[in-house]
Amino acid sequence: MLVDDNPTHACVTPVGAVAGRRVRTIEALEEGGRLHPVQQAFLDAGAFQCGYCTPGMILTALGLLLRCPDPSEEAIVRAMQGNLCRCGTYPRIVQAIGRAAAELRATAVAGGAR
Ligand code: FES
């Protein structure tokens with residue numbers, strides 16, 4: 001989940017620790033039936049197989065892109081290091097985050113940042 005736009009492990013965070021803070025989960029990203037650009041990029045890049053890791057990957061990626069809209073591949077890999085994918089889709093995850101970054105930058109230029 002994102003807590004005040006920072007990736008946070010929900011499984012080890014007591015609910016009292018996030019009282020009064022902005023909490024976003026994967027379910028909060030879609031708007032009006034449209035996937036968030038990070039979700040869409042993961043889908044377009046085929047960046048998941050079983051999907052078990054995908055919510056954490058997407059939210060960690062979004063947290064990165066909120067801090068750093070144009071990350072290098074090295075920065076993407078570094079930011080995602082705490083997230084494990086048993087299916088081994090890492091190359092596609094990195095590709096998806098690059099695509100999402102480009103889409104979010106283009107959307108921000110057009111005035112529609114999410
Ligand atoms: Fe299966 Fe990542 S897609 S664990």
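Numbering of ligands and ligand atoms starts at 1, following listing order. It should be emphasised that the depicted structure is a prediction, and the values quoted were computed from it without experimental measurement.
One finds a salt bridge joining Glu74 and Arg78 here, because a Lys/Arg side-chain nitrogen approaches an Asp/Glu carboxylate oxygen to under 4.0 Å. By the 4.0 Å N-to-carboxylate-O rule, Arg67 lies too far from Asp5 to be salt-bridged with it. A salt bridge links Asp4 to Arg21: one of the charged nitrogens lies within less than 4.0 Å of a carboxylate oxygen.
Ranking the protein heavy atoms by distance from atom 3 (S) of ligand 1 puts Gln49 N, 3.2 Å first. Regarding atom 4 (S) of ligand 1, its nearest protein heavy-atom neighbour is Arg86 N, 3.3 Å.
Using a cut-off of 2.8 Å, one finds that Cys50 contributes an N/O/S atom close to atom 1 (Fe) of ligand 1.
No donor-acceptor pair under 3.5 Å is formed between the side chain of His9 and the backbone N or O of Cys11.
Angle subtended at atom 2 (Fe) of ligand 1 by Cys53 SG and Cys85 SG: 100°, rounded to 10 degrees.
Close approach of ligand 1 to Gly51 is summarised as follows: ligand atoms under 4.0 Å from at least one heavy atom of the residue are 1 (Fe), 3 (S).
Each of Leu59, Val38, Leu35 was compared with Leu29 under the side-chain contact (heavy atoms from CB on, under 4.5 Å) criterion, and only Leu59 meets it.
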